[in-house]
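Take a look at the structure set out below.
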Amino acid sequence: YTVKVTDYSTMYAWKVVPYNNVGDAADCPVWVFTTQDDMSVSDFPWSEGFESGTFAPLGWLAQGGQYTRWYASDYYPFDGKFSAMAYSNETEVEAVLTTPDITINQEGMQLSFWWGNERPVSLTKDNEAVHQNHSTADDGIDAVMMDIEVDGDWQQLKLISDNSEGVDEDGEPLRYWVYETVYLTPY
């Protein structure tokens, strides 16, 4: 039996009653579980730093392919103890990290975060936030699409892709942590 939809913060009870040609079993235990609280975000400012080390945080949804996964990485995070990181040993795979529902209830709201398109150890910290995302279309490398669901339809907010600027002495791209801000007022 599959429960299709449950309510938040609700206790449900269930039991299994085995039977055979003699009849139903007696005194079967009743099991209970309580669903999680509604993790929707409506109090601001709101921040998620992934500092618990448990991934994904309650209310978040992390999805990946067979060999792709999201996790809390303590390997050179931008700030604090952990950062969210997707890892895959496949190419052209999708890894999706979804926040809890966010209620946009006032003008001037924005979503801001640091991101990097490389292993954290290979990213240079940019505390002054001078390095910017220059992508305007999929430029042939890893692409991160930031989408928003509005009235049941997904819309692209931002394309985040190449975070390199210049090259090092070996001709390799210099990659930075980039500070991204998305304004939510239109939504």
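Judged by distance alone, the side chain of S112 and the main-chain N or O of T181 form no donor-acceptor pair under 3.5 Å. Side-chain atoms of E51 come within 3.5 Å of backbone N or O of K81 as a donor-acceptor pair. Distance alone, capped at 3.5 Å, is enough to place a donor-acceptor pair between the S73 side chain and the Y75 backbone. Between the D37 side chain and the M39 main chain, no donor and acceptor come within less than 3.5 Å of each other.
How far CH2 of W46 is from CG of L111: 7.5 Å, rounded to the nearest 0.5 Å. Expressed to the nearest 0.5 Å, how far NZ of K158 lies from CG of D147 amounts to 13.5 Å. To the nearest 0.5 Å, atoms CD (Q110) and CZ (F44) are separated by 12.0 Å.
For N20, the CG atom counts as densely surrounded, since its 6.0 Å shell holds more than 12 non-hydrogen atoms of other residues, nucleotides or ligands. By the 6.0 Å contact criterion, CD on Q63 is enclosed, its count of non-hydrogen atoms from other residues, nucleotides or ligands being greater than 12. F33 CZ: more than 12 foreign heavy atoms inside a 6.0 Å radius. Other residues, nucleotides and ligands contribute only 12 or fewer heavy atoms inside 6.0 Å of the OH atom of Y76.
Listed by chain and number, the residues in a side-chain hydrogen bond (donor to acceptor under 3.5 Å, both in side chains) with T68 are S88 (sequence neighbours excluded).
Between F55 and F50, the ring planes are tilted. Angles from 30° to 60° get that label.
Both cation-pi conditions hold for K125 and F78: the charged atom is under 6.0 angstrom from the six-membered ring centre and inside a 45 degree cone around its axis.
Closest non-hydrogen pair, F82 versus S52, comes out as CE1-C, 4.5 Å.
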If you apply the rule side chain to side chain contact (heavy atoms under 4.5 Å, CB included), what do you find for T6 with V3, and how did you get there?
CA-CA 7 Å; T6 58; V3 177; 3.4 Å; yes
